[in-house]
Amino acid sequence: MTVLLREAIGDRLRHARTTQRRTLREVSRTARVSLGYLSEVERGRKEASSELLAAICEALDLPLSELLHLVASDIGAVTQPVPTPAELAERTQRPTAPSLEGGTLVPTVIGNDLSDLRIQPMLTHRLSTSIEPRGAVVAA
C-alpha cells in the first residue's frame, strides 16, 4: 500500500486541529491561509509548501519537527513489509524472545502516542522478576 506524503501530512494536521477543537476558519485566519486551501491540504489534495506548513503548524502551536516526526512514524507503520509465509513459520519455530532486563521508557520526542517512546537501559542496578505458581510477582 502506498501512502502519499501530502495525505499523511493532511491527516496529522486535521487530527491536531480537531484535537484542539478548533475550526478550519479559525486556523485559516491565524495561519493567513484561505479556508478552502487549508481544507484541501487537510484532505491530502494539495501539496503544501514548507512556508505554508510552517504557518499552519504555528497556528496550531505544533512544532513543524514534531509534525514531520509523526508523519514519518505513520508512513513507516503503514509501509512495513508484510512477512512471507516462510518468515511467519520461522518466527513460530524460534525460541521465545529474551526478556528485557532493567530498562526505563524515556520519551525521545514529546508526542501523543507510544511510538515516541524508546527503551533506555539502566546501568545502575539489575531488577529481575519471577512469577509464582499462584500468579504473584516477586522482585529479586
Side-chain angles (χ1 to χ4, degrees):
M1 176 180 189
T2 302
V3 178
L4 296 177
L5 181 60
R6 69 175 187 254
E7 292 174 348
I9 289 172
D11 287 344
R12 277 296 174 171
L13 289 174
R14 176 169 279 163
H15 180 265
R17 180 180 59 78
T18 57
T19 299
Q20 295 175 17
R21 299 181 188 268
R22 295 176 66 190
T23 64
L24 272 171
R25 186 173 310 283
E26 179 185 351
V27 174
S28 71
R29 238 186 253 138
T30 306
R32 296 183 180 197
V33 176
S34 76
L35 184 130
Y37 196 80
L38 178 58
S39 175
E40 293 285 307
V41 169
E42 281 191 359
R43 288 186 286 152
R45 298 202 177 171
K46 294 288 183 186
E47 195 90 40
S49 68
S50 57
E51 291 88 359
L52 181 65
L53 279 179
I56 296 168
C57 284
E58 187 174 325
L60 291 169
D61 294 322
L62 172 68
L64 181 59
S65 60
E66 184 176 337
L67 170 71
L68 296 176
H69 173 75
L70 292 169
V71 167
S73 296
D74 293 345
I75 291 173
V78 170
T79 59
Q80 292 295 321
V82 178
T84 65
E87 291 171 332
L88 289 173
E90 181 182 321
R91 287 182 191 171
T92 59
Q93 294 173 357
R94 287 187 198 155
T96 58
S99 62
L100 173 67
E101 294 181 18
T104 59
L105 290 175
V106 294
T108 57
V109 175
I110 296 178
N112 295 332
D113 61 348
L114 294 178
S115 68
D116 293 335
L117 295 176
R118 305 290 184 259
I119 296 175
Q120 178 179 18
M122 290 177 54
L123 302 175
T124 57
H125 70 282
R126 183 179 231 176
L127 175 68
S128 63
T129 59
S130 62
I131 298 178
E132 294 282 319
R134 288 172 269 182
V137 177
V138 178

Student: With rounding to the nearest 0.5 angstrom, report the CG to CZ distance, Leu60 to Arg17.
Tutor: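 Result: 8.5 Å between the selected atoms.
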Student: Could you grab the distance from atom OG of Ser50 to atom CG of Leu68, nearest 0.5 Å is fine?
Tutor: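 Interatomic distance, Ser50 OG to Leu68 CG, rounded to 0.5 Å: 10.0 Å.
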Student: Could you report the tightest heavy-atom contact between Val27 and Ala59, atom names first, then the distance?
Tutor: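 Between these two residues, the closest heavy atoms are O-CB, 4.0 Å.
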Student: Once you round to the nearest 0.5 Å, how far does NE2 of His15 lie from CG of Leu62?
Tutor: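 Answer for the NE2-CG pair, His15 versus Leu62, is 11.0 Å.
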Student: Between Ser73 and His69, does the side chain to side chain contact (heavy atoms under 4.5 Å, CB included) criterion hold? Intermediate values first, please.
Tutor: CA-CA 6 Å; Ser73 296; His69 173 75; 4.0 Å; yes
Student: Just do the side chain to side chain contact (heavy atoms under 4.5 Å, CB included) check on Asp11 and Asp74 with the steps written out, would you?
Tutor: CA-CA 10 Å; Asp11 287 344; Asp74 293 345; 5.9 Å; no
Student: What pairs of residues pass the salt bridge (Lys or Arg N to Asp or Glu O under 4.0 Å) test when at least one of them lies in residues 26-38, not counting sequence neighbours?
Tutor: Arg22-Glu26
Student: Within this structure, what is the OG1-CD distance for the pair Thr30 and Glu58, rounded to the nearest 0.5 Å?
Tutor: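 Answer for the OG1-CD pair, Thr30 versus Glu58, is 10.0 Å.
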Student: Begin from the C-alpha positions of Leu53 and Leu13 and carry the test side chain to side chain contact (heavy atoms under 4.5 Å, CB included) through to its verdict.
Tutor: CA-CA 9 Å; Leu53 279 179; Leu13 289 174; 4.0 Å; yes
Student: Before accepting this row, confirm whether a basic side-chain N of the pair Lys46/Glu40 lies closer than 4.0 Å to the acidic partner's carboxylate O.
Tutor: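 Here Lys46 does not pair with Glu40 in a salt bridge, since their nearest N and O are not under 4.0 Å apart.
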Student: Report the distance from atom CG of Leu38 to atom CZ of Arg14, rounding to the nearest 0.5 Å.
Tutor: 8.5 Å
Student: If you round to the nearest 0.5 Å, how far is CD of Glu42 from CD of Glu7?
Tutor: 13.5 Å
